[in-house]
Amino acid sequence: MTRKPFPLKFFSDKTRPDPTNLINHSSTFKSPRAVKYVVSVEVWEHVERSPLGIIFKYMNLVFAWSSILVHYPAHFSIFEFEDITGLNCEPIPNTMVVEDVKKNNSFWELAKDICTLCRGSPDVCRSWSREDHIRLCYLAILTDGLLALDRRQAIPPAQGKLLMDLEIFEQYPWGRVAFLGLVQEIKR
């Protein structure tokens, strides 16, 4: 296997930003942990075997990222990111067609705050369909693992709509999305 050449660094040693001025950005996987206790074992294992199941593996390893611990970003390209994570890092498609999103509006009404929902109303979650349980798992992966959103941040609508078609969601290049978000945070 031939290795692709490394891209140029974003910053030289002289222009690298001071890490003490960077936000402490971390991922604690609170949402996936809460979801695990309201979905069936079969659904959890299905998602673990999916292309995005690697996020649950990181959670099980008690993996945590914090800019306080890692002060200076290493030379790191999308090629290494793909090798390490196993996530799909193909180019992001220009268009994605998602069928009839309106029929699933009830899912969005119920899943506004994952942790509160799972801890406060576990019986409500358990009464959902298998597909909605899978969506709930993927929503937790999306917010805590791939986009690393603060609980007060909304999911970008174009990416949230992808949850309505599970096959499209699983095949989407989330590795590239996560990598670009990471690079954006490092460059801030």
Side-chain angles (χ1 to χ4, degrees), residues 1 4 26-65 76-93 95-101 103-104 106-108 110-119 121-149 151 155-182:
M1 179 173 124
K4 297 176 184 173
S26 62
S27 179
T28 59
F29 300 109
K30 286 181 183 176
S31 295
R33 290 181 206 288
V35 167
K36 183 175 185 175
Y37 297 103
V38 297
V39 299
S40 70
V41 171
E42 185 272 329
V43 165
W44 187 262
E45 289 174 351
H46 169 82
V47 174
E48 277 186 322
R49 290 187 306 272
S50 78
L52 300 171
I54 189 74
I55 302 299
F56 287 164
K57 290 177 184 157
Y58 284 130
M59 181 186 81
N60 292 336
L61 291 171
V62 193
F63 173 84
W65 166 265
F76 195 61
S77 76
I78 197 163
F79 308 122
E80 288 89 9
F81 189 81
E82 184 175 31
D83 285 344
I84 291 167
T85 65
L87 292 169
N88 178 358
C89 291
E90 294 295 317
I92 296 172
T95 59
M96 297 294 290
V97 177
V98 179
E99 305 280 329
D100 196 13
V101 174
K103 75 176 183 178
N104 290 301
S106 61
F107 173 78
W108 287 111
L110 293 170
K112 287 182 180 173
D113 183 346
I114 300 169
C115 290
T116 302
L117 175 69
C118 293
R119 292 187 182 119
S121 309
D123 292 333
V124 170
C125 296
R126 289 184 184 111
S127 69
W128 291 357
S129 70
R130 180 181 185 277
E131 287 76 22
D132 282 345
H133 280 181
I134 293 170
R135 282 187 189 95
L136 186 62
C137 289
Y138 284 151
L139 180 61
I141 287 172
L142 184 62
T143 58
D144 280 28
L146 298 171
L147 301 178
L149 297 174
R151 64 181 176 80
I155 297 170
Q159 293 171 341
K161 279 175 42 175
L162 295 174
L163 274 166
M164 297 305 108
D165 187 320
L166 296 174
E167 188 175 331
I168 288 175
F169 188 85
E170 289 173 353
Q171 301 310 313
Y172 195 76
W174 291 112
R176 184 168 292 261
V177 172
F179 178 79
L180 293 173
L182 176 62

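Atoms considered below: every heavy atom in the structure, side chains included; atoms not considered: hydrogens, waters and symmetry mates.
Two residues are said to be in side-chain contact when any heavy atoms from C-beta on lie closer than 4.5 Å; Ile141 and Trp174 fail this criterion. For the pair Leu147/Pro156, a side-chain contact is recorded, criterion being any heavy-atom separation below 4.5 Å from C-beta on.
Within the 3.5 Å criterion, the main-chain N or O of Val39 finds no donor-acceptor partner in the side chain of Trp128. Arg135 places a side-chain N or O within donor-acceptor distance of the main-chain N or O of Met164, the cut-off being under 3.5 Å. With hydrogens and angles ignored, the 3.5 Å screen pairs a side-chain donor or acceptor of Glu80 with a backbone N or O of Ser77.
Nearest heavy atoms, Ile92 versus Tyr172: CG2-OH, 3.2 Å. Across all non-hydrogen atoms, the minimal contact from Cys137 to Val35 is SG-CG1, 3.7 Å. The minimum heavy-atom distance between Phe81 and Gly175, with the atom names listed, is CE2-O, 3.2 Å. Closest approach of Ile54 and Pro51 over heavy atoms only: CG2-O, 4.5 Å.
For the side chain to side chain contact (heavy atoms under 4.5 Å, CB included) with Phe169, the lone residue among Leu139, Ile134, Leu163 that qualifies is Leu163. For the side chain to side chain contact (heavy atoms under 4.5 Å, CB included) with Pro173, the lone residue among Cys89, Pro91, Pro93 that qualifies is Pro93.
Separation of atoms OH (Tyr138) and CD (Glu170) is listed at 3.0 Å; rounding is to 0.5 Å. Rounding to the nearest 0.5 angstrom, the gap separating the OG1 atom in Thr85 from the CD1 atom in Ile55 is 7.5 Å. Interatomic distance, Ile78 CD1 to Arg176 CZ, rounded to the nearest 0.5 Å: 3.5 Å. One finds the CG atom of Asp144 at 15.5 Å from the OH atom of Tyr58 (value rounded to the nearest 0.5 Å). To the nearest 0.5 Å, atoms CG (Leu182) and CG (Leu146) are separated by 12.0 Å. Here Thr143 contributes atom OG1 and Gln159 contributes atom CD; the two are 12.0 Å apart, rounded to the nearest 0.5 Å.
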- Could you give me the CA-CA distance, side-chain angles and deciding distance for Leu162 and Leu142, then say whether side chain to side chain contact (heavy atoms under 4.5 Å, CB included) is met? CA-CA 11 Å; Leu162 295 174; Leu142 184 62; over 6 Å; no
- Message: Evaluate Leu136 against Val43 for side chain to side chain contact (heavy atoms under 4.5 Å, CB included), listing each step before the verdict.
- Response: CA-CA 10 Å; Leu136 186 62; Val43 165; over 6 Å; no
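For Glu167, the CD atom counts as loosely surrounded, since its 6.0 Å shell holds 12 or fewer non-hydrogen atoms of other residues, nucleotides or ligands.
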